[in-house]
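Note on naming: letters A, B, ... go to the chains in the order of the sequence lines (proteins, then strands), and numbering restarts at 1 for each one.
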Amino acid sequence: MTAGSAPSPEAGSAAYVLAVADDAMVYAQRLGEWLTNAPQIEEDMALANVSLDLLGQARALYARVGELDGSGRGEDDYAMFRDERQWRNVHLVEQERGDFAREMARMLWFASYQHELYAAQLASSDPVVAGVAGKAAKEVRYHLDHARHWVLRLGDGTDESHRRMQAALEWAAPYVDELFDDHAAAVTAVEAGLVARLPSELREAAQGRVEAVVSEATLTMPDPPTWRSRGGRDGIHSRPMGYLLAELQHISRSHPGATW
Amino acid sequence: MTVASKSVAGSAVAQAISQIPDPEVPVVSIADLGILRDVAVDEAQRSIVVTITPTYSGCPAMEAIRDRIEHEAGVHGFAAEVRTQLSPAWTTDWMTESGKEALRRFGIAPPGPAHAAGPVTVRLSRHVVTCPHCGSEDTTEISHFGSTACKALRRCNACREPFDEFKAL
Ligand SMILES: [Zn+2]
């Protein structure tokens, strides 16, 4: 898509679904990195399971993108054979894995966002988008609950855990705005009835959810950040994205067509 | 689930497919779990259309279930088309009572009633889960996510045994 030119409705719909799928795919990849790195074995499994939910959402959506954009491409074509500038995910999900508190801050924001997003897609004009949203909405409730429990434990825990959880919220803050930007594909998708609400219209409910948890956890919402991420929806990414893709894609690209 | 069949061979293949065990929890069948939504048998064409629905979006067992359905159909001389249906979304409420009892005997606490959709109150974990080993209601959740996405990990405070709980969804 070239900046400035209005996309056709079908191309706009495909671009929108691609952005939703890319967020899920990239966050699935980041969460998968916690296997063997989480603070306890139960958490290894928990984060891997959240990752798997997101991966499943992405797979179904990629298959749909291949129909909407008329290319007939399959899920692997999107996940494994696109270069960095062709990805439409927000910067929040591509950031490197930090400490566990950062992951819970990121998950709290992302699950709160996805919770509102999928709710707005339940009556989508696209049957696949509506079907994925119906399943995903249930899954995201568990992700949200999981993040909430940890933010409460860490925020209302020891001095050290409180300090680090607060620092994690500050870390996530500059990446939040981008989730709620009304990018061109989202505007087209609302017009096409693919989703009921613009990203900006999801913010109040999502943020309210985060604020309630933060307050209950004896933490405070960060001051407005002095900078904010942008560009992900146009394929402009931050430094960690290339490394993430290298790890995600290198097997498929080194051995194209391999099966096992 | 509707099973449309007009012949003995047709109902035998439908029966065999409904009894395929879940790859991750082999004590229950895909019919018991509510994964199998429909089997339509066309005796004349020796073909069947089987509709299944995933439990979770990323459920890795779906591929194995699909393969097994095609295999069972082939054994009975039928060509199977397996369709995946996302909507309506799977719910643990579709699990049969015999399926829940089989889970309990296997050592997995069966799911309670699924929560109605609507505003999230969160706190999904505040409900009574009975220990499948000793029957005590004094159990604690260790982790939301157990050995698979569909299960949570719990511990019984009476007999001290850990166990999986099939989460209500
Ligand atoms: Zn017990």
Side-chain angles (χ1 to χ4, degrees), chain A residues 24-25 28 31-32 38 40-61 63-64 108 111-112 115-116 118-119 122 124 127-150 152 205 208-209 212-213 216, chain B residues 24 34-35 37 51-63 67 83-94 111 113-127 140-155 162-169:
Chain A
M25 180 71 224
L31 284 173
Q40 56 193 39
I41 193 166
E42 288 81 7
E43 202 53 32
D44 274 8
M45 291 193 293
L47 296 181
N49 276 316
V50 176
S51 169
L52 207 51
D53 283 344
L54 294 172
L55 181 63
Q57 294 163 19
R59 290 181 61 180
L61 293 172
R64 184 62 178 146
L108 181 64
S112 297
H115 184 272
E116 302 311 315
Y118 287 130
L122 290 175
S124 175
V128 175
V129 170
V132 171
K135 289 206 71 57
K138 294 174 161 209
E139 293 159 2
V140 168
R141 289 174 63 170
Y142 277 101
H143 307 170
L144 192 51
D145 199 40
H146 191 70
R148 173 178 173 274
H149 276 280
W150 273 111
L152 292 182
R209 220 170 276 291
V213 175
E216 193 183 350
Chain B
E24 284 176 349
I35 290 171
R37 303 311 302 158
T51 307
I52 54 175
T53 190
T55 53
Y56 283 74
S57 298
C59 181
M62 293 309 285
E63 311 278 342
D67 287 351
R83 293 183 184 158
T84 304
Q85 175 183 299
L86 287 175
S87 187
W90 179 81
T91 164
T92 43
D93 289 348
W94 291 345
H115 298 250
V120 185
T121 47
V122 195
R123 211 84 223 192
L124 297 163
S125 49
R126 283 256 177 90
H127 60 288
T140 318
E141 184 176 275
I142 300 170
S143 174
H144 269 337
F145 299 89
S147 51
T148 61
C150 55
K151 289 183 244 130
L153 188 59
R154 297 187 76 90
R155 172 174 51 217
F163 65 92
D164 274 340
E165 175 206 0
F166 213 111
K167 291 185 289 196
L169 186 76

Among the options Ala152(B), Pro60(B), Gly146(B), pick out the one with the most heavy-atom pairs lying under 4.5 Å from chain A.
Gly146(B)
When the 4.5 angstrom heavy-atom criterion is applied to Thr55(B) and chain A, the contacting part is backbone
Which value, rounded to the nearest 0.5 Å, describes the distance between Ile41(A) atom CD1 and Leu153(B) atom CG?
10.0 Å
Measure from the side-chain N and O atoms of Lys167(B) to the backbone N and O of Tyr142(A), and report whether any donor-acceptor pair falls under 3.5 Å.
no
For Pro162(B), all residues meeting side-chain contact (heavy atoms from CB on, under 4.5 Å), sequence neighbours excluded
none
State, with a plain yes or no, whether a side-chain heavy atom of Leu169(B) is found less than 4.5 Å away from one of Arg141(A).
no
Which bit of Pro88(B) comes within less than 4.5 Å of chain A, counting heavy atoms only: side chain, backbone, both or neither?
neither
Can you tell which of Gln57(A), Glu139(A), Lys135(A) makes a side chain to side chain donor-acceptor pair (under 3.5 Å) with Ser57(B)?
Glu139(A)
Where do His143(A) and Phe145(B) come nearest, in terms of heavy atoms and distance?
CD2-CZ, 4.3 Å
Looking only at side-chain N and O atoms, does Glu43(A) offer a donor or acceptor that is under 3.5 Å from a partner on Ser143(B)?
no
Worked check of side-chain contact (heavy atoms from CB on, under 4.5 Å) between Asn49(A) and His144(B)
CA-CA 10 Å; Asn49(A) 276 316; His144(B) 269 337; over 6 Å; no
Checking side-chain contact (heavy atoms from CB on, under 4.5 Å) for the pair Tyr56(B)/Leu52(A): CA distance, chi angles, key distance, verdict?
CA-CA 9 Å; Tyr56(B) 283 74; Leu52(A) 207 51; over 6 Å; no
Under the salt bridge (charged side-chain N to carboxylate O under 4.0 Å, His left out) definition, can you give me all pairs with a residue in residues 45-59 of chain A, not counting sequence neighbours?
Arg59(A)-Glu75(A), Arg59(A)-Glu63(B)
